[in-house]
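Throughout, protein chains are lettered first and strands after them, A, B, ... in sequence-line order, and every chain is numbered starting at 1. When reading the values below, keep in mind they use all heavy atoms of this one structure, side chains included, and skip hydrogens, waters and symmetry mates.
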Amino acid sequence: MTLDQAWQLSKLWYGTRLRPDFRRPTADEARAIFARVGLAGPFWEL
Amino acid sequence: MSVSVDPELVNDVRQSIYATIVERGTPPAACEVAAARGVSVAAVEEAYRALAGSHVIVLALETGEIWAAPPFAAPPTAFRVTSGRRAWFAPCAWDSFGIPAAAGVDVEIEAHCAWDRAPLPCGVRNGDVYGEGVLHRLVPASRFWDDIRFT
């Protein structure tokens, strides 16, 4: 992935990690996050 | 035998872990969290195991203490991330961008090319990424947690 993809993915994946109401993304939410930053294909399937 | 863990304590412990890492760069020992929260070390260790079981943190196999609270790593790694006087280590290249995302700060990332070890300075400035390079991941997403230390 490009650096920009890593940054965009990080903001979506880790942006709430320190918040009191944090919870890990569900599998469906994770798939949506990957797709949103252009990470598609068998490698990114869950 | 399963042991029920108070979800509120688990959430409190998670917040203590991350607050400590952001502040000083390393995670707290279970006894530190126990003292700060006024609970037993055993209760904190149980919360650590619950957080590890839900893939929020990773424990050191030898000690049961925190090896990583992604995107932060406890031991020094090849990915050092700095923001002013503060410094952290990330478990992997992706997580080196996770640190500014989690902490909400601009950072400089000390990364190196996996092929020839050439420096690859990059980071986040004014909320935008800078630098050049491509991140390669070896383990497919469905298997990230099979061996997270390798991933």
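Among all heavy-atom pairs drawn from B:Pro100 and B:Val105, the shortest one is CB-O, 3.1 Å. Scanning all heavy atoms of the two residues, the minimum distance from A:Glu45 to B:Ala141 falls at O-CB, 4.1 Å. Shortest non-hydrogen contact noted between B:Pro91 and B:Phe72 is CD-C, 4.0 Å. Closest approach of B:Phe89 and B:Pro75 over heavy atoms only: CB-O, 3.7 Å. Closest approach of B:Ala74 to B:Thr26, counting heavy atoms only: O-CG2, 4.4 Å.
Chain A forms the most heavy-atom pairs under 4.5 Å with one residue out of B:Ile21, B:Ile17, B:Asp95, and that residue is B:Asp95. Top candidate by heavy-atom pairs under 4.5 Å with chain B, chosen from A:Arg23, A:Met1, A:Arg19, is A:Met1. Each of A:Leu46, A:Leu18, A:Thr16 has some count of heavy-atom pairs under 4.5 Å with chain B, and the biggest count is that of A:Leu18.
Atom OG in B:Ser54 sits 13.5 Å away from atom CZ in B:Arg49 (nearest 0.5 Å). Here CD of A:Glu29 is found 9.5 Å from CH2 of A:Trp13. Values are rounded to the nearest 0.5 Å. Interatomic distance, CH2 of B:Trp88 versus CZ of B:Arg80, reported as 10.5 Å (0.5 Å rounding). The OG atom of A:Ser10 sits 9.5 Å away from the CD1 atom of B:Ile99 when rounded to the nearest 0.5 Å. To the nearest 0.5 Å, atom CH2 of residue A:Trp7 and atom CG of residue B:Leu135 are 13.5 Å apart.
Heavy atoms of B:Arg143 lying under 4.5 Å from chain A are absent altogether. Within the 4.5 angstrom heavy-atom criterion, only side-chain atoms of B:Val22, from C-beta onward, approach chain A. Residue B:Ser96 does not touch chain A at all, counting heavy-atom pairs closer than 4.5 Å. For chain B, the nearby part of A:Phe34 is the side chain; its heavy atoms alone come within less than 4.5 Å. For A:Arg17, the parts lying near chain B are the backbone and the side chain together; criterion is any non-hydrogen pair under 4.5 Å.
At a threshold of 4.5 Å between side-chain heavy atoms, the hydrophobic network of Ile, Leu, Val, Met, Phe, Trp and Tyr places B:Tyr130 and A:Val37 in two separate groups. Hydrophobic clustering of Ile, Leu, Val, Met, Phe, Trp and Tyr side chains at less than 4.5 Å, counting indirect connections, unites B:Ile109 with A:Leu3.
A donor-acceptor pair shorter than 3.5 Å can be found between the side chains of B:Arg37 and B:Ser16.
Listed by sequence position, B:His55, B:Val56, B:Pro70 are the residues of residues 55-70 of chain B in contact with chain A, using a 4.5 angstrom heavy-atom cutoff. At a heavy-atom separation below 4.5 angstrom, chain A is approached by B:Cys122, B:Val124, B:Gly127, B:Asp128, B:Val129 within residues 121-129 of chain B.
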